[in-house]
> 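Got a structure for you, written out below as structure tokens; questions coming shortly.
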Amino acid sequence: MGRFCRNLCVYETTTLNKSTLQFTLAALAVTVLAVAANSQEPSLLTATPAIEVITPAPNFRIGDFRVEALDADEPARDDPPNASAGSEQHQGFVKRGIRRIGQDQKFIFKGPFEKHNLKWDFVILAGTGAFLAADRHIENNVPHSHFTVYQAISDTALGGLAGSLLGIYIYGAKTEHHHARETGELEIETLINTFLIYAPMQLIAGRQRPDEGNNHGDFLRHHALNTSFPGGHAMFTWAMASVLADEYPKPWARWMSYGAAFTVTFTRFMARDHWASDMFLGTGLGIAIAERTFHARCNPELPSQCKHHQWWWKPMKTDVQ
């Protein structure tokens with residue numbers, strides 16, 4: 001075996017030039033030193049760093065990899081590069097939403113004073129006043145039985161309407177369907193606008209429900225949100241139904257949305273949760289808030305009611321769309 005190795009070395013020495021022979025001997029020396037180092041004590045292993053020769057592969061870029069070590073107290077840097085950008089985007093979305101709601105409220109409060117809305121102001125105010133005068137007479141003729149059945153029907157209709165709108169919103173967000181996404185976003189914006197009108201009126205009015213106090217529906221008796229005037233169920237359901245009917249102006253969609261809103265309003269009244277004037281005013285306010293919000297924010301390029309009545313509902317001019 002030794003004779004074979006010697007013959008092989010002689011053959012290679014005679015065939016290789018001088019530079020190749022020197023390179024081979026240098027590599028052999030490095031190998032011998034590495035073997036000798038491995039045979040030493042463990043303490044020497046920690047003191048002598050290991051030498052590793054790496055031949056880069058074609059198109060291999062070491063600069064693409066991070067090789068520096070992190071200190072113990074240094075925070076990790078392997079977060080996604082867009083983490084801060086995502087945080088800024090979230091903050092921008094929140095600020096944009098707050099600004100939009102503020103603009104909506106200004107737009108809604110200006111609505112009753114616009115010339116083309118004066119007749120609707122008269123209808124709502126006159127109707128509410130008439131029902132206020134007739135509330136006790138109407139309530140005395142309402143049957144006081146099966147109120148739990150009416151409440152169950154109301155909850156079912158309200159749940160069906162809200163569930164449908166939630167499904168449309170999720171579908172639009174997941175599939176980037178522009179029409180469905182606008183419907184979901186405008187529904188949320190409308191509900192927020194409705195609550196910001198509903199809450200102060202509830203706190204100011206403080207009206208007793210038909211089965212509270214002396215059964216006269218006195219005002220200024222409560223200081224909470226869960227009072228009788230205006231009717232919250234009517235206000236919110238008509239607001240949701242109006243946006244849905246405007247986004248999908250087909251007969252079947254309008255029958256379903258307005259039918260659900262009417263069912264909730266009527267059954268809540270029959271369950272003696274509200275006076276007739278509460279439900280009438282809640283219906284009018286819900287529709288008015290929904291129409292103002294929808295026509296201020298809708299996209300006229302979508303197949304909705306947005307492209308109609310542009311002379312009547314003037315879109316909001318704002319830099320936040």
Side-chain angles (χ1 to χ4, degrees), residues 86 89-108 111 116-117 120 156-198 233-265 283-321:
Q89 183 178 5
H90 175 71
Q91 294 177 359
F93 176 78
V94 173
K95 292 180 179 179
R96 171 178 172 269
I98 295 175
R99 187 181 301 179
R100 280 176 64 112
I101 295 299
Q103 292 172 344
D104 289 346
Q105 290 296 302
K106 182 179 179 181
F107 192 57
I108 290 170
H116 60 266
N117 288 329
W120 299 113
T156 302
L158 177 59
L161 178 60
S164 301
L165 297 177
L166 179 61
I168 293 174
Y169 176 74
I170 295 175
Y171 173 76
K174 293 292 185 181
T175 63
E176 293 295 331
H177 190 278
H178 296 297
H179 197 182
R181 184 170 183 176
E182 179 185 274
T183 303
E185 291 177 352
L186 287 184
E187 287 288 356
I188 295 175
E189 194 166 342
T190 299
L191 289 175
I192 295 174
N193 289 327
T194 303
F195 178 79
L196 293 178
I197 301 296
Y198 163 81
H233 282 80
M235 198 168 174
F236 285 101
T237 52
W238 281 101
M240 291 188 292
S242 297
V243 173
L244 183 60
D246 284 339
E247 286 286 359
Y248 300 95
K250 297 184 180 298
W252 64 269
R254 291 192 167 189
W255 275 103
M256 289 183 63
S257 57
Y258 289 142
F262 176 80
T263 300
V264 172
T265 303
T283 299
L285 290 176
I287 294 174
I289 294 170
E291 294 299 321
R292 296 286 288 184
T293 304
F294 172 78
H295 286 283
R297 300 295 185 184
C298 62
N299 183 0
E301 297 180 358
L302 296 176
S304 66
Q305 281 292 102
C306 189
K307 57 186 177 182
H308 301 292
H309 308 131
Q310 288 296 320
W311 61 273
W312 185 276
W313 299 97
K314 298 179 181 180
M316 186 186 305
K317 295 181 180 180
T318 174
D319 57 345
V320 183
Q321 293 291 343

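Worth saying up front: this structure is predicted, and the values here are computed from it rather than measured.
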> What are the two closest non-hydrogen atoms of Val264 and Ala157, and how far apart are they?
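Reported closest heavy-atom pair: CG2-CB, 3.7 Å.
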> To the nearest 0.5 Å, how far apart are OH in Tyr171 and CZ in Arg181?
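Answer rounded to 0.5 Å: 13.5 Å.
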> Could you walk me through whether Ile168 and Leu244 pass side chain to side chain contact (heavy atoms under 4.5 Å, CB included), step by step?
CA-CA 10 Å; Ile168 293 174; Leu244 183 60; 3.8 Å; yes
> Enter the distance from Ser242:OG to Glu247:CD here, rounded to the nearest 0.5 Å.
12.0 Å
> Atom CG in Leu285, atom CH2 in Trp238: separation rounded to 0.5 Å?
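It comes to 13.5 Å.
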> For Arg292 and Phe107, indicate whether the former's side chain and the latter's backbone hold a donor-acceptor pair under 3.5 Å.
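At least one qualifying donor-acceptor pair exists.
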> Please identify each residue that fulfils ring-ring contact (aromatic ring centres under 6.0 Å, His included) with His179, with sequence neighbours left out.
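So His179 forms a ring-ring contact (aromatic ring centres under 6.0 Å, His included) with Tyr248.
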> How close do Pro300 and Cys298 get, counting heavy atoms only, and between which atoms?
CD-O, 3.6 Å
> At their closest point, which heavy atom of Ser257 faces which heavy atom of Ala245, and how far apart are they?
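Ser257 and Ala245 have their closest heavy atoms at OG-CB, 3.7 Å.
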> I need the minimum non-hydrogen distance between Thr237 and Leu161, along with the two atoms involved.
O-CD2, 3.8 Å
> If you count the non-hydrogen atoms of other residues, nucleotides and ligands that lie under 6.0 Å from CD in Glu176, is the total more than 12?
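Atom CD in Glu176 is crowded, with more than 12 foreign heavy atoms closer than 6.0 Å.
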> For a quick test of reading the model, state the closest non-hydrogen atom pair linking Ala290 to Val243 and the distance between them.
CB-CG2, 3.9 Å
> Say you draw a straight line from OG1 of Thr190 to CG of Leu165; how long is it, rounded to the nearest 0.5 Å?
10.0 Å
> Nearest 0.5 Å, what's the CD-CZ distance between Glu187 and Phe294?
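Those atoms lie 10.0 Å apart.
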> Is a side-chain donor or acceptor of Glu182 paired with a backbone partner of Asn299 at a separation under 3.5 angstrom?
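Yes; at least one donor-acceptor contact below 3.5 Å.
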> Got a second to check how far Leu186's CG is from Leu191's CG, nearest 0.5 Å?
11.0 Å
> Picking from Asp246, Thr194, Asn193, what satisfies side chain to side chain donor-acceptor pair (under 3.5 Å) with Thr293?
Asn193
> Using every non-hydrogen atom in the two residues, find where Glu189 and Arg100 come nearest and quote the distance to one decimal.
OE1-NH2, 2.8 Å
> Quick one: does Gln305's side chain get under 4.5 Å of Glu291's, heavy atoms only?
no
> Should the pair Phe236 and Tyr198 be assigned to parallel (<30°), tilted (30 to 60°) or perpendicular (>60°) ring geometry?
perpendicular
> List the steps, then state whether side chain to side chain contact (heavy atoms under 4.5 Å, CB included) holds for Leu158 with Met240.
CA-CA 10 Å; Leu158 177 59; Met240 291 188 292; 3.9 Å; yes
> Just wondering, are more than 12 heavy atoms of other shown residues or ligands nearer than 6.0 Å to OH in Tyr258?
yes
> Looking at side-chain heavy atoms only, is the closest gap between Asp104 and Ile101 below 4.5 Å?
yes
